[in-house]
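Since the structure comes first, as structure tokens, the remarks are kept for the end.
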Amino acid sequence: MKRIFLTLIGLIGATITIAQAQTSQRAWSPFEENPTCLISKTYFNKIGTMWSIPTYSDAAMILKWHVAGDQFTNELSYTDIEKFSACFDGQRDCGLPVNHEIANTLKSREIAPGSATDAYFKNPPPESAIRFAMGTVGDCFGSAGSGIFLDEVGMSEMALPMDICTRAGKTIYWRGKRERDQAPKMTDAQIERYDNWGRLVFGMTNLRKNRPEPKPETCSLVPSELVPSFMAFYDENGYGAASDAAAIAAAEQAAQQEAKEKAEAKAREIAYLRESKRKELLSRTDRERFGTLDGCQIAYSYIFAGINRPPTSFIVDPVPDGAIGWALRYEQAHKQGNACPPMPEVLSNWLQKQDTKLFVAYGASYEFRGKRPVVYNDNDWKNFAEKWMWRNQTISDPDYRQGSNCYAAVWHARNIAHDWSSMTLAEQDFVGLALKTKPWGAPGSAFCTVIPPEILPLAHKTWSRAYNQQMRAEAAQQAKWDAANAKEAARRAQIDAAYDALGNWKPSNNAAVSTRCYNTETTKYGVRQTCFTN
């Protein structure tokens, strides 16, 4: 369960604090807000003790190492640890020395306290690693990055509208397969080269824009190679006209009206979804509602679902203080086979407010049970798949729901030996879901709405290759069968002809008739003869 909570923290910037991290956070150098750093200080929680940057790039991992201090390894999920191993075994150049002992330890997904790897990360990242990371995240390292200039690492300081960089980041994030015509021109090679930068811009700036803190208005850091394309996009799309007061006022008015209409439409949609979901939940039996979960597991599930309540959630009030700490203690007790820890009164009071008829085992059901869920039809399997993939946005694009895409993705997930270290978290979750449910007889069609788009190119490739091999094998087998059938047919024809000849045989009627006689006795009338006719 540790992985679940660490992943959740990294994705939603939760306010969980870990006691042992409080004393040594930011041990080497405090994080300094800088306009040429892609990471905002708002990625710390309110207390400032948990570094919650998503670590899906090597540069972000190094920055997290720099900020977290000697607690760096305590704040990583095991998937983060494994991915970082590629920087030490020579697969990727991250400005870090090749060290196969560290690489193997990271691949094992567990760093033992006091080990050589643990001791290595108790020190700050080397300057070469900071230089590498600055080529993606920018000037985020304070005094540790002094003397390293952005132009040296291929980055340029700009003052472009944030919209331009967000469009570029979105296109790079989707590997050039979405809205490419609405972003600055970039080649496939550039999209591949600046993948980490694009993902950070798309993910971080969008998260930051949706927070209550002041919204970023300008994009301050751009790969130098992309500057001409970005400037051309600025000129061609009339961003300069935005400086005119009248144009600004008109645009703001239009934006406000559009936002109002969207909000009203969203409110209607949420109301409809809530009512539909309410009817569906109330129609369940207790067995469908709670499965085999006990009281502590139900409480844990409520906390789990309440951390980031969606608009359609029926959970009453935010998760109270102390609830998450109890959940962490319960995780440890459950892992060690110990009894459920005592529950704080404030948590018990919060749980009493909830309507148990609307309870949903949000992610906890499969973790606790570890066996086939209670399902009755294909729709139950679909709901189970969406609960499993709760960590990531489920996909609703019709292109991914098409039969060929769904079949290819599920076949790929269930039949290929995967390189887990090269997959995104969404891919790992999807493959785990497909493998877990295969022996349960779950239909592949149940996963069509949760296909991570990044898995599709490789899935189509591997499925097509296997399909072609199967077709060739079937064609060869059919040819053998056809040859054997033809040989057998010829043999049967010979036998039938022989039997026909034997059954239709008749003596010939053309033989000459001859009579042969001999004398048998002499009478008074003459000699008597006996004759043979053939």
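Any value given below was found using the heavy atoms of this structure, including those in side chains, with hydrogens, waters and symmetry copies removed.
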Do His418 side-chain atoms and Ala413 backbone N/O form a donor-acceptor pair below 3.5 Å? yes
Does any non-hydrogen side-chain atom of Thr437 lie less than 4.5 Å from one of Phe447? yes
Pair Gln257-Glu261, side-chain donor/acceptor within less than 3.5 Å: yes
Which value, rounded to the nearest 0.5 Å, describes the distance between Cys219 atom SG and Met162 atom CE? 5.0 Å
Working for side-chain contact (heavy atoms from CB on, under 4.5 Å), residues Glu427 and Phe430: CA-CA 5 Å; Glu427 289 178 288; Phe430 183 79; 5.7 Å; no
Walk me through whether Met231 and Met158 qualify under side-chain contact (heavy atoms from CB on, under 4.5 Å). CA-CA 10 Å; Met231 294 302 297; Met158 301 291 293; 3.6 Å; yes
Check the angle between the aromatic planes of Tyr330 and Tyr300 and answer parallel, tilted or perpendicular using the 30° and 60° thresholds. tilted
List the atom of Cys94, the atom of Ile62, and the distance in Å for their closest heavy-atom pair. O-CD1, 3.7 Å
I'd like to check the ring pair (Phe, Tyr, Trp, His ring centres under 6.0 Å) partners of Tyr302; sequence neighbours left out, ordered by chain and number. Phe359
Using a 4.5 Å cut-off on heavy atoms from C-beta on, say whether the side chain of Lys177 contacts that of Pro457. yes
Pairing residues for His460 by the ring pair (Phe, Tyr, Trp, His ring centres under 6.0 Å) criterion, not counting sequence neighbours: none
Point-to-point distance, once rounded to the nearest 0.5 Å, from CZ of Arg199 to OG1 of Thr424: 7.0 Å
Please report the interatomic distance CG(Asp58) to CG(Leu63), rounded to the nearest 0.5 Å. 12.5 Å
Are there over 12 heavy-atom neighbours, none belonging to Asp321, within less than 6.0 Å of that residue's CG? no
Work out which heavy atom in Leu456 is nearest to a heavy atom in Ala409; give both atom names and the distance. CD2-CB, 4.3 Å
If you count the non-hydrogen atoms of other residues, nucleotides and ligands that lie under 6.0 Å from CD in Glu192, is the total more than 12? no
Using every non-hydrogen atom in the two residues, find where Phe72 and Met61 come nearest and quote the distance to one decimal. CE1-O, 3.6 Å
Filter on salt bridge (Lys or Arg N to Asp or Glu O under 4.0 Å), then keep only pairs touching residues 111-120, sequence neighbours left out; what's left? Asp118-Lys122
Residue pair Leu273 / Thr312: nearest heavy atoms and the distance that separates them: CB-CG2, 4.0 Å
Taking distance alone, no hydrogens or angles, what donor-acceptor pairs closer than 3.5 Å link side-chain atoms of residues 181-190 to residues at least two apart or in another chain?
unit_1: Thr187; atom_1: OG1; unit_2: Gln190; atom_2: N; d: 3.1
unit_1: Asp188; atom_1: OD1; unit_2: Arg180; atom_2: NH1; d: 2.8
unit_1: Asp188; atom_1: OD1; unit_2: Arg180; atom_2: NH2; d: 2.9
unit_1: Gln190; atom_1: OE1; unit_2: Thr187; atom_2: N; d: 3.0
unit_1: Gln190; atom_1: NE2; unit_2: Glu225; atom_2: OE2; d: 3.0

Any chance CD of Glu157 has more than 12 other-residue heavy atoms, nucleotides or ligands included, within less than 6.0 Å? no
Excluding sequence neighbours, so at least two apart, what forms salt bridge (Lys or Arg N to Asp or Glu O under 4.0 Å) with Asp89? Lys107
Is the backbone of Phe132 close enough, under 3.5 Å, to the side chain of Thr136 for a donor and an acceptor to pair up by distance? no
Let me confirm one number: the CG-CE distance from Leu221 to Met134, rounded to the nearest 0.5 Å. 9.0 Å
Asn415 atom CG: more than 12 heavy-atom contacts under 6.0 Å: yes
Correct closest heavy-atom pair for Asp139 and Cys37 would be O-CB, 3.4 Å
Using side-chain heavy atoms (C-beta onward) and a distance below 4.5 Å, is Val201 in contact with Tyr173? no
Mutual orientation of the aromatic rings belonging to Trp197 and Phe230 [parallel < 30°, tilted 30-60°, perpendicular > 60°]: tilted
Show your working on side-chain contact (heavy atoms from CB on, under 4.5 Å) between Ile130 and Trp65 and close with a plain yes or no. CA-CA 10 Å; Ile130 292 175; Trp65 178 8; over 6 Å; no
Ser85-Arg109 side chain donor-acceptor pair, cut-off 3.5 Å: no
Rounding to 0.5 Å, atoms SG (Cys140) and NZ (Lys64) come to a distance of 15.0 Å
Closest heavy-atom contact between Tyr194 and Leu226? CD1-CD1, 4.0 Å
Sequence neighbours left out, what pairs pass side-chain hydrogen bond (donor to acceptor under 3.5 Å, both in side chains) with at least one residue falling in residues 95-106? Thr105-Thr117
Quick one, Cys165 and Val222 - any side-chain contact, counting heavy atoms below 4.5 Å? yes
To the nearest 0.5 Å, what is the distance between CZ (Phe121) and CD (Gln71)? 14.0 Å
Is there a side-chain contact between Ile455 and Val431 in this structure, where contact means two heavy atoms from C-beta onward sitting under 4.5 Å apart? yes
Full working for side-chain contact (heavy atoms from CB on, under 4.5 Å) between Ile303 and Trp326: CA-CA 10 Å; Ile303 297 170; Trp326 177 87; 3.6 Å; yes
